Amino acid sequence: MEQRHLGRTGLRVTRLGLGTLTWARDTDEQEAADQLKVFWEAGGSLVDTADIYADGGAEYLLGRLTEELVPREDLVIATKAGSVLEADRRVDGSRRHLLAALDASLERLGTDYVDLWQLHAFDPQTPLEETLQALDLAVTSGRARYVGLANFSGWQLAKAGTWQLAAAGVRTRLASTQMEYSLLQRGIEREVLPAALDLGLGLLPSSPLGRGVLTGKYRHGTPSDSRGASDHLAAFVAPYLDETASRVVEAVTTAADGLAVTPLQVALSWVRDRPGVTAPILGARTAQQLRAALSVETLSLPDEIRRALDDVSAPVHHYPDHDWSTL
């Protein structure tokens with residue numbers, strides 16, 4: 001599998017990553033093992049998780065599998081911290097919480113370090129410099145090799161990235177940002193992606209298949225074994241089952257028919273090769289689904305098809321998202 005540098009760093013990762021959102025919840029240990037083995041044998045290296053996935057269960061499962069199935073040194077392990085499941089708050093960016101969460105993640109993963117440690121979300125209740133200092137401490141203590149952000153808005157990302165660059169050699173440069181990005185969700189193109197490109201951050205798109213909708217599986221209803229039929233994930237899929245999304249899915253399907261490939265391959269190839277993207281994160285339910293996604297490695301979309309998909313999925317940009325002189 002082809003590799004890319006993660007942002008403006010020396011870290012190289014495969015241009016497709018494996019996500020573990022459903023591990024230890026919807027994906028049992030045997031299925032997770034099958035997925036990891038398929039990914040590794042295909043040459044994949046980047047595996048993304050978070051301390052909140054299955055309340056730590058995904059990290060624990062990944063740790064067991066790296067001990068028993070796949071060599072730790074063959075993987076680039078990325079995890080996240082900052083999200084909390086408390087009645088009165090969803091994010092805790094305090095230095096106290098973040099460093100404690102990192103130590104707990106390392107214990108569950110069974111490793112002395114993670115390759116990429118990411119802040120899961122912006123905490124408006126904690127001074128940003130305190131939150132970012134936790135990233136610096138993680139790197140200087142050897143517990144993380146690189147650091148990044150997830151789910152930060154454009155101004156939040158720009159502020160954080162600039163703060164880190166303001167004291168080069170003292171503060172740790174941000175390597176990446178993880179954001180939802182697909183043909184059905186191009187909102188980051190307004191401000192987040194321009195900020196990431198300017199700061200030299202690699203983009204790790206989550207839900208690159210539009211929460212599964214871009215595979216075409218929901219064109220004629222909701223399959224009983226899909227996330228859209230799941231009690232805890234139906235609401236996650238529902239926003240992309242509207243008429244606007246349907247037009248994009250039909251365009252993807254038409255392109256797939258013309259290229260004699262699958263809608264999954266078309267949608268994934270589109271986002272993988274967008275400017276600034278390092279590696280889309282694949283969240284497959286089964287090893288068979290993962291194999292289908294990994295087959296995109298040999299596909300590059302023709303320019304005319306790429307432009308057609310750009311047009312049909314184009315987000316509406318108004319002032320001040322674009323240069324005012326062009327409006």
Side-chain angles (χ1 to χ4, degrees), residues 16-22 25-27 48 50 52-53 83 90 120-121 150-154 177-193 203-257 261-274 276-277 279-286 288-290 292-293 296 301 305-317 321:
L16 292 175
L18 175 63
T20 63
L21 173 65
T22 63
R25 186 181 62 182
D26 303 308
T27 303
D48 181 75
I52 202 173
Y53 293 172
S83 288
R90 295 293 303 277
H120 212 154
N151 304 306
F152 275 48
S153 68
T177 182
Q178 185 172 152
M179 302 290 293
E180 184 171 354
Y181 189 34
S182 73
L183 278 162
L184 295 184
Q185 180 51 271
R186 295 176 61 182
I188 68 165
E189 292 179 9
R190 294 185 177 92
E191 291 191 345
V192 174
L193 186 54
L203 177 63
L204 302 175
S206 58
S207 296
L209 296 175
R211 306 181 184 186
V213 175
L214 286 166
T215 64
K217 69 173 67 175
Y218 297 98
R219 291 175 68 204
H220 306 296
T222 302
S224 59
D225 62 345
S226 68
R227 292 179 180 179
S230 165
D231 290 339
H232 53 275
L233 287 175
F236 180 67
V237 176
Y240 294 157
L241 297 179
D242 61 8
E243 186 176 341
T244 299
S246 179
R247 288 196 295 270
V248 177
V249 172
E250 290 306 314
V252 169
T253 302
T254 299
D257 290 343
V261 296
T262 66
L264 179 155
Q265 290 173 308
V266 170
L268 186 55
S269 179
W270 180 88
V271 71
R272 181 200 64 198
D273 295 332
R274 294 294 287 176
V277 169
I281 305 298
L282 303 172
R285 185 171 52 84
T286 66
Q288 182 179 2
Q289 288 180 344
L290 180 60
V296 77
L301 296 180
I305 289 181
R306 190 185 313 280
R307 287 193 295 269
L309 294 174
D310 288 350
D311 290 343
V312 75
S313 66
V316 177
H317 286 311
D321 297 327

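Everything numeric in this text was worked out from a predicted model, so none of it was measured.
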Heavy atoms, side chains only, cut-off 4.5 Å: are Pro263 and Val249 in contact?
no

Side-chain heavy-atom pair Trp270, Val252 within 4.5 angstrom cut-off
no

Could you go through Val312 and Leu183, starting from their C-alpha distance and side-chain angles, then the distance that decides it, and tell me whether this counts as side chain to side chain contact (heavy atoms under 4.5 Å, CB included)?
CA-CA 9 Å; Val312 75; Leu183 278 162; 5.8 Å; no

Taking every heavy atom of Leu21 against every heavy atom of Arg25, the minimum-distance pair comes out as O-NH2, 4.1 Å

Kindly check if the number of other-residue, nucleotide or ligand heavy atoms within 6.0 Å of CD (Gln288) is above 12?
no

Can you find a pair of side-chain heavy atoms, one from Val192 and one from Tyr181, that are under 4.5 Å apart?
no

Do Asp273 and Arg306 come within less than 4.5 Å of each other through their side chains, counting heavy atoms only?
yes

The test is side chain to side chain contact (heavy atoms under 4.5 Å, CB included); show your working for Val271 and Arg186 and say whether it passes.
CA-CA 10 Å; Val271 71; Arg186 295 176 61 182; over 6 Å; no

Locate the shortest heavy-atom distance separating Leu264 from Ala293; write the atom from each residue and the value.
CD2-CA, 3.5 Å

Side-chain (Asn151) to main-chain (Ala121) donor-acceptor, under 3.5 angstrom
no

Show your reasoning for whether side chain to side chain contact (heavy atoms under 4.5 Å, CB included) applies to Gln185 and Ser207.
CA-CA 9 Å; Gln185 180 51 271; Ser207 296; over 6 Å; no

Would you check if the side chain of Arg247 reaches a backbone N or O of Ser313 as a donor-acceptor pair within less than 3.5 Å?
no

Testing the basics here: between Ala50 and His120, what is the closest heavy-atom pair and its distance to 0.1 Å?
CB-CE1, 3.8 Å

What distance do Leu18 atom CG and Ile281 atom CD1 have between them, rounded to the nearest 0.5 Å?
8.5 Å

Tell me, do Ile188 and Thr177 make a side-chain contact under 4.5 Å, heavy atoms counted?
no

Gln178 and Ser206: which non-hydrogen atoms are nearest, and at how many Å?
OE1-CB, 3.9 Å

For the CG atom of Leu282 and the CG atom of Leu209, what is their distance to the nearest 0.5 Å?
7.0 Å

With distance as the sole test, does Arg272 use its side chain to make a donor-acceptor pair with the main-chain N or O of Pro208 at under 3.5 Å?
no

Do you know the tightest heavy-atom contact between Val266 and Leu301?
O-CD1, 3.7 Å

Can you tell me how far CG of Leu268 sits from OG1 of Thr215, rounded to the nearest 0.5 angstrom?
11.5 Å

A quick test of your reading: do over 12 heavy atoms of other residues, nucleotides or ligands sit less than 6.0 Å from CZ of Arg90?
no

Can you see which heavy atom on Ala292 is nearest to which on Gln265, and at what distance?
O-CG, 4.3 Å

Verify side chain to side chain contact (heavy atoms under 4.5 Å, CB included) between Tyr53 and Asp48, making sure each step is shown before the conclusion.
CA-CA 11 Å; Tyr53 293 172; Asp48 181 75; 4.2 Å; yes

The reported gap from CG in Leu214 to OG1 in Thr262 (rounded to nearest 0.5 angstrom) is 11.5 Å

